Amino acid sequence: MKPGSAAIVGAAETTEMGRIPELSVLGLHADAALNALADAGLSPSDIDGVATAGESPTALAWYLGITPTWVDGTTVGGCSFMLHVRHAAAAIAEGLCKTVLITHGESGRSRVGAARRASQPSSLQGQFEMPYGPVGPPTLFTIPVLRYIKETGLSEEKLAQVAVVQRDWAARNPRASFRDPITVEDVLTSRMIAWPFRLLMCCLVTDGGGALILTSAERARDFPQAPVYVLGTGESVETPLVSQMEDFTSSKAFRVAGKRAFEESGIRHDDVDHLMIYDAFAHLPLYGLEDLGFVGRGEAGDFIWEGNTAEGGRLPLNTNGGGLSYMHSGMYGMYALQESVRQLRGTAPAQVPNAKISIAHGVGGMFGASGTIVLGNEAP
Amino acid sequence: MPDPNRTPNKTPRRSLPEPTPETRHFWAGAKAGELKLQRCDACKKAYFPPRPFCPACGSRDVSVFTASGRASLHSYVINHRPAPGFEGHYAIAVVELEEGPRMMTNIVECPQTPEALLLDMPLEVVFAEQDDEISLPLFRPLGTDSLQKNGDAS
Ligand SMILES: [Zn+2]
């Protein structure tokens, strides 16, 4: 991909956020899509490329009345939308399509029109993980952390502080689900879910959606919103089984995707004004900060504890409140991208002054996949 | 009218594996009380989960062998939420086998507490029969047998 050859010209979330029992999954996709189209000053007939996960691109295109010449149904979990951005930028550069719509919608809480998710007993997870009693992501995604704690010396307090700082960001965001400030003690006395993880270290479960519209950087100037350029991208996958992760203290998919995105964009770490790291659980920002190279191995807990990622810090992180406090429908990556776009447009509720470069880094599955997107508001 | 899809008066049990042609030897081994791994004949790497080729080099020349059954505790969580077939709080663990591969399992014959479950503690495999086809490989602290004889372990 040529850095900066594509730009985001439309971005929006669903009209409502949190509990939306009046919309099905497909309806949430459509609501977000229509909002993003309005944001870009477009109608469905202007779209010739579609990408989505959690719903089939066929259903999405037909439901909205779109006849695409490029389709991407890459579904690797919550970071699928980062991969869609990467693929869309390449498709636009290659001339496969001109204007791409990427959608997400999930009835995570109300489960309206949602498919059942269960591992088949004959699948690898069904044979080699499910018999041992995992009950969803809180008991799988969290398994590597005790090893991380043993090898880095991370304290429970520092793990808890991740949630505390993000709640402070959420307090400034009227759309965040949880806005009341919390303390480390609140986190460490909240209900135990799966030792060492307590309730306030785990993401919300809500309904919502979001959509993005991409086009070439050349065309982007003609749209009503200031363009947000795609400066660099990366993606990878590691394993569908968290038990088979190569290194329990570091995600290979994070490292591969992050390195590629930095290389493509040509930026350095201290060029980054704002960062989003998909936080289904409190340990993910720690792994993300280290695997993307912002800090050394085992240093992320101290980095957050010392206020570097909080308001006024040198690397504002998860400024919407994150999956821990803003919202988490199940595949959160879209909301990380939306917040990066808001920050670069200067329209975020907790705006980082003069943010010019933002990174949205996503995870899929339980450290199974990753996508990293470097965005900027100045043409490269 | 009895509902054929319901099995009343039966406690819910844990999710059980359905072997596939590629994994049948592993589950047959477990049923017979042996932990079966595979090793590449070309590059000598031992690997798990089962597949008919080497994930390190792609060679189809691989052999099944019986592992020692010794392992160490690599990481875990202690689940506090209810789950079918489990009672109370229980650890969902990943162990590192002596031969190198890691596998998810449960730790048995040991209190399910952070104080008792120490990372890197030595473990050995035991097989827990589930039905006519499936026995699950679980792990207990190494030397649990002799401790039990002395009445020190619960
Ligand atoms: Zn080999």
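Remember, predicted model here, so these are calculated numbers, not experimental data. Numbered from 1 within each chain, the chains take letters A, B, ... in sequence-line order.
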A.B. asks: So which donor and acceptor atoms of chain B and chain A come within less than 3.5 Å of each other?
C.D. replies:
residue : atom : partner : partner atom : Å
B:R14   : NH1  : A:P131  : O            : 2.7
B:E18   : N    : A:P121  : O            : 2.9
B:T23   : OG1  : A:Q127  : OE1          : 2.7
B:W27   : NE1  : A:Q127  : OE1          : 2.8
B:H74   : O    : A:R147  : NE           : 2.9
B:H74   : O    : A:R147  : NH2          : 3.1
B:S75   : OG   : A:I143  : O            : 2.6
B:S75   : OG   : A:R147  : N            : 3.1
B:I78   : N    : A:W195  : O            : 3.2
B:I78   : O    : A:W195  : N            : 2.9
B:H80   : N    : A:I193  : O            : 2.9
B:R81   : NH2  : A:V135  : O            : 2.8
B:Y90   : OH   : A:G133  : O            : 2.4
B:R102  : O    : A:Q244  : NE2          : 2.8
B:R102  : NH1  : A:M245  : O            : 3.2
B:R102  : NH1  : A:E246  : O            : 3.3
B:N106  : ND2  : A:Y132  : O            : 3.0
B:L119  : O    : A:K150  : NZ           : 3.4
B:D120  : OD1  : A:R147  : NH2          : 2.7
B:D120  : OD2  : A:K150  : NZ           : 2.7

A.B. asks: Would you mind reporting whether A:I182 and A:V187 have side-chain heavy atoms less than 4.5 Å apart?
C.D. replies: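 A:V187 vs A:I182: side chains touch.
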A.B. asks: Give, for atom CG of A:L188 and atom CG of A:L200, the distance between the pair rounded to the nearest 0.5 Å.
C.D. replies: 9.5 Å
A.B. asks: From A:F178 CZ over to A:M327 CE, what is the distance, rounded to the nearest 0.5 angstrom?
C.D. replies: 12.0 Å
A.B. asks: Under 6.0 Å between ring centres: does that hold for B:F26 and A:F128?
C.D. replies: yes
A.B. asks: With only heavy atoms counted, which part of A:L124 is less than 4.5 Å from chain B, the side chain, the backbone, both or neither?
C.D. replies: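 Side chain of A:L124 only, per the 4.5 Å heavy-atom cut-off to chain B.
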A.B. asks: Got B:P82 and A:V135 here, is their nearest side-chain heavy-atom distance under 4.5 Å?
C.D. replies: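 The answer is no, as the side chains (C-beta and beyond) never meet within the 4.5 Å cut-off.
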A.B. asks: Measure B:L16 against the heavy atoms of chain A and call it side chain, backbone, both or neither at under 4.5 Å.
C.D. replies: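 Just the backbone, heavy atoms under 4.5 Å.
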A.B. asks: Testing B:D41, B:V62, B:D61 one by one against B:C54 for a side chain to side chain contact (heavy atoms under 4.5 Å, CB included), which residue passes?
C.D. replies: B:V62
A.B. asks: In Å and rounded to the nearest 0.5 Å, what is the CG to CD1 distance from A:L286 to A:I277?
C.D. replies: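 These two atoms lie 8.5 Å from each other.
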A.B. asks: Counting heavy-atom pairs closer than 4.5 Å to chain A, which one of B:P114, B:A91, B:P84, B:A93 comes out on top?
C.D. replies: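 Of the options given, most contacts go to B:P114.
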A.B. asks: Please classify the contact of A:I149 with chain B as side chain, backbone, both or neither, using a heavy-atom distance under 4.5 Å.
C.D. replies: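 Nothing of A:I149, per the 4.5 Å heavy-atom cut-off to chain B.
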A.B. asks: Which bit of B:P137 is near chain A, if near means a heavy-atom gap under 4.5 Å: side chain, backbone, both or neither?
C.D. replies: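 When you check distances to chain A, atoms from both the backbone and side chain of B:P137 fall under 4.5 Å.
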A.B. asks: Using the rule side chain to side chain contact (heavy atoms under 4.5 Å, CB included), only one of B:L73, B:V108, B:L123 pairs with B:F139; which is it?
C.D. replies: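 Among B:L73, B:V108, B:L123, the one that satisfies the side chain to side chain contact (heavy atoms under 4.5 Å, CB included) with B:F139 is B:L123.
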A.B. asks: Identify the heavy atoms of A:A280 and A:F141 that sit nearest to each other, and give their distance.
C.D. replies: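 Closest approach of A:A280 to A:F141: CB-CE1, 4.2 Å.
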A.B. asks: Pick one of side chain, backbone, both or neither for A:V145, based on which atoms fall under 4.5 Å of a heavy atom in chain B.
C.D. replies: backbone
A.B. asks: Contact part of B:L138 toward chain A, heavy-atom cut-off under 4.5 Å: side chain, backbone, both or neither?
C.D. replies: side chain
